[in-house]
Novice: 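Below is the structure I would like to discuss, written out as C-alpha cells.
Along the sequence shown, residues are numbered consecutively beginning with 1. Everything numeric here is computed off the predicted structure, so don't read it as measured data.
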Amino acid sequence: MILLRQLLGDVLRRLRVRQGRTLREVSTLARVSLGYLSEVERGQKEASSELLASICGALGVPLSQVLREVSDQFALAELQAAPVLADVPERERLALSETVVPGSISDSVFPEVKDMVAA
C-alpha cells in the first residue's frame with residue numbers, strides 16, 4: 001500500500017537535504033520539535049496542514065510545490081503497483097482506460113500523467 005505520509009516525508013527530506021539544512025535548523029524555524037519533524041520525514045507521523053505550511057515556510061518552498069512533487073511521486077508509485085492490468089486482455093485494458101468516471105478528472109487535464117502511463 002502506498003502511504004501518502006511516507007511520500008510526503010520523502011519529499012520534505014529531499015528538499016531539506018538538497019538545501020544542505022539540518023533537522024535542527026528546519027525544526028527551529030518551523031517551530032516544531034526536532035523529533036516530530038524527524039518522524040514526519042520518516043513517514044511515521046501525519047502532519048497537519050498547519051504544520052506542513054510551517055515546514056514549507058522554514059524551507060522557503062511553497063506548499064503547492066511540495067504537494068505537486070508528492071502528487072507526481074504518488075502517480076508513479078501507483079503506476080508501478082498496477083501490474084494487475086497485465087493479466088487483463090489488451091482489448092479490455094483499452095476499454096478500462098477509456099472509461100469515464102463521473103466526477104473524475106480526465107487525462108486531458110493532466111497530459112503528463114498520460115505520458116507516464118504510455119512510457
Side-chain angles (χ1 to χ4, degrees):
M1 173 186 275
I2 304 161
L3 295 177
L4 182 60
R5 70 175 186 254
Q6 289 177 333
L7 294 176
L8 182 58
D10 289 344
V11 168
L12 291 172
R13 177 181 287 129
R14 211 172 16 256
L15 288 168
R16 179 181 58 77
V17 169
R18 200 178 303 151
Q19 293 178 6
R21 315 267 298 277
T22 65
L23 271 171
R24 186 171 308 282
E25 273 182 271
V26 175
S27 68
T28 300
L29 288 171
R31 296 185 179 178
V32 61
S33 76
L34 186 139
Y36 195 80
L37 178 58
S38 175
E39 288 179 313
V40 168
E41 282 192 359
R42 287 180 283 141
Q44 295 177 335
K45 293 287 183 186
E46 297 273 353
S48 68
S49 56
E50 292 87 356
L51 180 64
L52 285 175
S54 184
I55 294 168
C56 290
L59 291 169
V61 178
L63 178 57
S64 59
Q65 177 184 334
V66 170
L67 294 177
R68 193 170 20 261
E69 288 187 38
V70 170
S71 177
D72 291 346
Q73 293 297 318
F74 204 91
L76 288 172
E78 284 179 325
L79 289 172
Q80 290 172 350
V84 174
L85 289 179
D87 295 334
V88 177
E90 182 71 24
R91 67 180 186 283
E92 290 178 31
R93 269 188 267 161
L94 293 174
L96 286 174
S97 67
E98 294 169 0
T99 303
V100 177
V101 177
S104 69
I105 300 174
S106 76
D107 58 8
S108 63
V109 176
F110 296 106
E112 64 276 5
V113 173
K114 186 176 181 181
D115 293 342
M116 284 188 287
V117 172

Novice: Taking all heavy atoms of A47 and all of L51, pick out the closest pair and write down the distance.
Specialist: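 Closest approach of A47 to L51, heavy atoms only: CB-CD2, 3.8 Å.
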Novice: Under the salt bridge (charged side-chain N to carboxylate O under 4.0 Å, His left out) rule, collect the residues that match up with R14, sequence neighbours excluded.
Specialist: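 Applying salt bridge (charged side-chain N to carboxylate O under 4.0 Å, His left out) to R14 gives none.
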Novice: How far apart are the closest heavy atoms of L59 and Q19, and which atoms are they?
Specialist: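 In this case the closest contact between L59 and Q19 is O-NE2, 2.7 Å.
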Novice: Taking side-chain contact (heavy atoms from CB on, under 4.5 Å) as the definition, give me every residue that meets it alongside L23, ordered by chain and number, with sequence neighbours left out.
Specialist: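 For L23, the residues satisfying side-chain contact (heavy atoms from CB on, under 4.5 Å) (neighbours in sequence not counted) are R16, L34, L37, S38, E41.
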Novice: For S64, give me all partners under side-chain contact (heavy atoms from CB on, under 4.5 Å), at least two apart in sequence or on another chain.
Specialist: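 With sequence neighbours excluded, S64 shows a side-chain contact (heavy atoms from CB on, under 4.5 Å) to P62, R68, given in chain and number order.
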Novice: What residue pairs, at least two apart or across chains, pass salt bridge (Lys or Arg N to Asp or Glu O under 4.0 Å) with a residue in residues 43-67?
Specialist: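 Counting only pairs at least two positions apart or across chains, the salt bridge (Lys or Arg N to Asp or Glu O under 4.0 Å) contacts touching residues 43-67 are R5-E46.
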Novice: Going by the rule side-chain contact (heavy atoms from CB on, under 4.5 Å), which residues pair with T22 if we only count those two or more places apart in sequence or in a different chain?
Specialist: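 side-chain contact (heavy atoms from CB on, under 4.5 Å) check on T22 returns R24, E25.
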Novice: Can you name the salt bridge (charged side-chain N to carboxylate O under 4.0 Å, His left out) partners of E39, sequence neighbours left out?
Specialist: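 Here no residue qualifies.
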Novice: Could you measure the distance from the CZ atom of R42 to the CD atom of Q6? Nearest 0.5 Å is fine.
Specialist: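 With rounding to 0.5 Å, CZ (R42) is 12.0 Å from CD (Q6).
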Novice: What heavy-atom pair brings A58 and L29 nearest, and what distance separates the two atoms?
Specialist: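 Taking every non-hydrogen atom into account, CB-CB, 3.6 Å.
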Novice: For residues L8 and L52, determine if any side-chain heavy atom of one lies less than 4.5 Å from a side-chain heavy atom of the other.
Specialist: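 Sidechains of L52 and L8: in contact.
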Novice: To the closest 0.5 Å, what do you measure between CG (L63) and OG (S54)?
Specialist: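 Reported value, rounded in 0.5 Å steps: 11.0 Å.
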Novice: Treat each ILVMFWY residue as a node, draw an edge where side-chain heavy atoms are under 4.5 Å apart, and state whether I2 and V40 are in one component.
Specialist: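 Yes, because I2 and V40 connect within a single hydrophobic cluster, where side-chain heavy atoms sit under 4.5 Å apart.
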Novice: About how many Å separate CG of L67 and OG of S49, when rounded to the nearest 0.5 Å?
Specialist: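 One finds 10.0 Å between OG of S49 and CG of L67.
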Novice: Which residues pass the side-chain contact (heavy atoms from CB on, under 4.5 Å) test with E69, not counting sequence neighbours?
Specialist: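 E69 satisfies side-chain contact (heavy atoms from CB on, under 4.5 Å) with V11, L15, Q65 only.
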